[in-house]
Each structure stands twice: as C-alpha cells, then as structure tokens.
Amino acid sequence: MKFQNINTLLLILAGISVTGLIFLGYNSISFGYKEIRLCLNLTKAHQENSNLQSQQGLSYNQPSVVGLDGKVIALTPWLAPIVWEGTFDSFLIDSIYKQQNITIATTVFALGKYTQFLKDFLESAEQNYFVGFRVHYYLFTDHPEQVPAVKLGEGRQLTVLTVASSNRWQEITLRRMEKLEKLIESRLVNEADYVFSLDVDTKFYGRWGAESLGRLIGVIHPGYYQTHREQFPYERRPESQAYIPVAEGDYYYGGAVIGGLVKDVHEVAKTCREQLDIDAAKSIEAAWQEESHLNKYFLYNKPSKVLSPEYLWQDFKPHTNEVKIIRFSQVIKNYAAVRPNP
C-alpha cells in the first residue's frame, strides 16, 4: 500500500480504527488484509497500554448500571465494556484467547477458619473458572495442613504459601495488597500473563471465561449497583488516603475481585499498599480497609473493563430481573463463627 501523504501514515501509526480509514477514502480493494491487521493490532496495543486516568474534582453525572427502561447498560462513560450475559460470545472469545497460550494466576487468602471455604471454592472453580485455560492458584494460608485435596484439571496447579496468623480480620484484609504486590514482584511477573485476586468465602455457579480479561478489571458490588453515589460506603474522612468526596464516584467496586494484566494489578496493589501504610502511620483505618482504597484507585484510574454483578453476587440476595445468571457469589456464613474478632 502506498501512502498519499504523511498525515495518513501518522493516523495509521497512531492506531486509528479501520472505520476511520475507510471514511478517509481508503476503501478500495487495494487496502489489503495485512494493513488492516497492522492497524487493528496498533489500536488494540494503544488501548490496552493506555492508563485511563481521571482528574480529581471533576463534576459529571453518575453513570447508571440499569437504564430507565430496565435494560442493563453495557458501556461506561469512558467506553469500557460492562460485561453482562448476552454481550459476548463465550465460545468465540475463549477460542481467541486460548490461541495466545496465556496463564492466569489466581490468588486466594484463607486464614484462620476461612480454610473451611476452600473445598467449595476450588471444586466450583475447576468446573466453571477459565475451563480449558492454564490456571495457577496461589493460596495464602496459616493452616497449610487444612488445604483440601482437590483434583485439578490439565494445565492447572495450586501453590500453597504459608503466612503468619492474625487475631484481627481487619489486619488480614489490610495486608492482602502487600502480599499480592510482593508475589507479583517475586513470581508472577515471570509466571503469568493475567492475575485475579478472589475472596475465598465464595463459590462459582456459572462459567467465568476470557470475557473477563483485560488490562484492568473491576467488579460492581452487588449491594450498590442501583444506589446513588452519595450513599456509597466510600471512605469520607479527608484525612484518609482513601477519601472520596460525596459529589464524586462512578460505581462502588467490590474488593472480592481484582484482576487484569500482571503489571497493572501490581500498580493497583502497590498504590493501595502505600496508601494503607500512610493511613496506618496516622492510626487511620479506612471504612472498608483495602476495598476503600481500591475504590479510590478505580475512581481516578478507570478500569478498562467492568464486570457486572453477575461476577460477584451474594447468596442471601434474591435474583433480580437484570441479573440473568450468577457466576460467582459470596456464600452465607456466620461472621462471628469464622472471624477471629468482631
């Protein structure tokens, strides 16, 4: 293909879409497959490597998850997909990603009595979670002897990492970002392409596949997806690093699911850990520990893809019209019986 002027070449190198090139007049048969493929690859690389940073203090309408007509909304205001049943072809997207020969690291924390949730978590994951992909579970626990023997599928493995116990569940939660940050630096940077950090007191009820992959992934909390942002349980004390003003906010993200490319999840974990340390030095503990800091991060560093509440439900909640399938859900439990402190 011959370029008529330097501007056309620069547009292609910048990753402009094929649609844009056709509009400019390059719609003849001479515009070959190789050039289209090059352009698409450049566009994808540009999108996946772009940090969607937002200024603090911006004033804009709160995005909705469900429209006035009751239909789900599948796109954020910054043009990131919101993944719902019916918005993707599971066979197609899994087939595309399987060709890339990727490894998905998955971190799980099971300390104290939370080891009782491991069997259901792992067995349901083996039936539903990235089936047919290479998955490596990294389990942090203070009771390695209580890890159940669960048969794993081909290309799947489990590594148990022993950590110290704690007499406060809040402390366990607060230190997860530090553990994730160090694991990425010491191992995952060389062992995985994507990483998800998932809560263990959960169970998979439906398929969870490559539609959830992206540069940076957040999940909308099932308890607040139709709540006005003024009622979100953000950290509201200005002295905390997790502080979010009442007039700001997109969605309330659940801390039970964090995912994305290894380098991007590392940046999340590192930033949140640094903010947690600053708060700790001032004897401040954010309202919902690392979840509060995660919401602060996602407000100003927008996820490239958002998972709908299908990917994080709660067993005690009744089904709703917009949630057609429950893929992953927090199980019912007696917190007083499983937590080391109130």
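For the numbers below, each heavy atom of this structure counts, side chains included, while hydrogens, waters and symmetry mates do not.
- Checked options Glu291, Glu290, Glu181; the residue passing with Arg176 is Glu290 (criterion: salt bridge (Lys or Arg N to Asp or Glu O under 4.0 Å)).
- Side chains of Tyr225 and Glu322: a donor-acceptor N/O pair is present below 3.5 angstrom, by distance only.
- Residue Met177 forms a side chain to side chain contact (heavy atoms under 4.5 Å, CB included) with just one option from Asp277, Ile258, Thr271, and that option is Ile258.
- From Glu310, atom CD reaches atom OH of Tyr205 across 15.5 Å, with rounding to the nearest 0.5 Å.
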Given Tyr114 and Thr141, is the side chain to side chain donor-acceptor pair (under 3.5 Å) satisfied, shown in steps?
-> CA-CA 9 Å; Tyr114 274 74; Thr141 183; over 6 Å; no
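- A side-chain donor-acceptor contact under 3.5 Å links Tyr138 and Glu191.
- Salt bridge present: Asp94 and Arg207 bring a charged side-chain N and a carboxylate O closer than 4.0 Å.
- Residue Tyr60 places its OH atom among more than 12 non-hydrogen atoms of other residues, nucleotides or ligands, all under 6.0 Å distant.
- Note: Phe196 and Phe130 have tilted aromatic rings, judged against thresholds of 30 and 60 degrees for the angle between ring planes.
- Atoms CD1 and NZ, on Ile184 and Lys179 in that order, are 14.0 Å from each other to the nearest 0.5 Å.
- Looking only at side-chain heavy atoms (C-beta outward), Tyr251 and Ile220 come within less than 4.5 Å of each other.
- When the shell of 6.0 Å around CG of Asp69 is examined, it contains more than 12 heavy atoms from other residues, nucleotides or ligands.
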Apply ring pair (Phe, Tyr, Trp, His ring centres under 6.0 Å) to Phe204 and Phe121, showing your working.
-> CA-CA 7 Å; Phe204 291 88; Phe121 175 89; 5.7 Å; yes
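- Residue Ile284 comes nearest to Arg237 through the heavy atom pair CG2-NH2, 3.8 Å, listed as atom of the first residue, atom of the second, then distance.
- A side-chain donor-acceptor contact under 3.5 Å links Thr159 and His136.
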Before giving the answer on side chain to side chain contact (heavy atoms under 4.5 Å, CB included), spell out for Tyr97 and Phe133 the whole-Å C-alpha distance, their side-chain angles and the decisive distance to 0.1 Å.
-> CA-CA 9 Å; Tyr97 276 90; Phe133 286 86; 3.8 Å; yes
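- Interatomic distance, Asp193 CG to Leu213 CG, rounded to the nearest 0.5 Å: 9.5 Å.
- Checked options Tyr252, Tyr253, Tyr234; the residue passing with Phe298 is Tyr253 (criterion: ring pair (Phe, Tyr, Trp, His ring centres under 6.0 Å)).
- Tyr300 and Glu248 form a side-chain donor-acceptor contact under 3.5 Å, judged by distance and modelled atom types alone.
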For Val306 and Val83, what are the C-alpha separation, side-chain angles and deciding distance, and is it a side chain to side chain contact (heavy atoms under 4.5 Å, CB included)?
-> CA-CA 6 Å; Val306 175; Val83 184; over 6 Å; no
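- Residue-environment remark: NZ (Lys282) exceeds the threshold of 12 foreign heavy atoms within 6.0 Å.
- Ion pairing of Asp315 with Lys203 is absent here, as no side-chain N (NZ or NE/NH1/NH2) approaches a carboxylate O to less than 4.0 Å.
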Residues 240-247, side-chain donor-acceptor partners within the protein, below 3.5 Å, at least two apart:
| unit_1 | atom_1 | unit_2 | atom_2 | d |
| --- | --- | --- | --- | --- |
| Ser240 | OG | Ala242 | N | 3.1 |
| Ser240 | OG | Asp279 | OD2 | 2.7 |

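- Applying the side chain to side chain donor-acceptor pair (under 3.5 Å) rule to His221 yields no partners; only residues at least two apart in sequence or on another chain are considered.
- Remark: Lys182 NZ is loosely packed, at most 12 non-hydrogen atoms of other residues, nucleotides or ligands lying under 6.0 Å away.
- Residues that satisfy the side chain to side chain donor-acceptor pair (under 3.5 Å) test with Lys71, not counting sequence neighbours, are absent from this structure.
- Enclosure of atom NE2 in His319 is not indicated, since only 12 or fewer non-hydrogen atoms of other residues, nucleotides or ligands lie within 6.0 angstrom.
- Rounded to the nearest 0.5 Å, atoms CG (Leu307) and CD (Glu211) are 8.0 Å apart.
- Comment: Glu267 does not engage Lys263 in a salt bridge, judged by the lack of any side-chain N to carboxylate O separation of less than 4.0 angstrom.
- The CZ atom of Phe140 sits 13.0 Å away from atom CZ of Arg175, with the distance rounded to the nearest 0.5 Å.
- Between the side chains of Glu235 and Ser292, not a single donor N or O lies within less than 3.5 Å of an accepting N or O.
- Interatomic distance, Asn190 CG to Leu188 CG, rounded to the nearest 0.5 Å: 9.0 Å.
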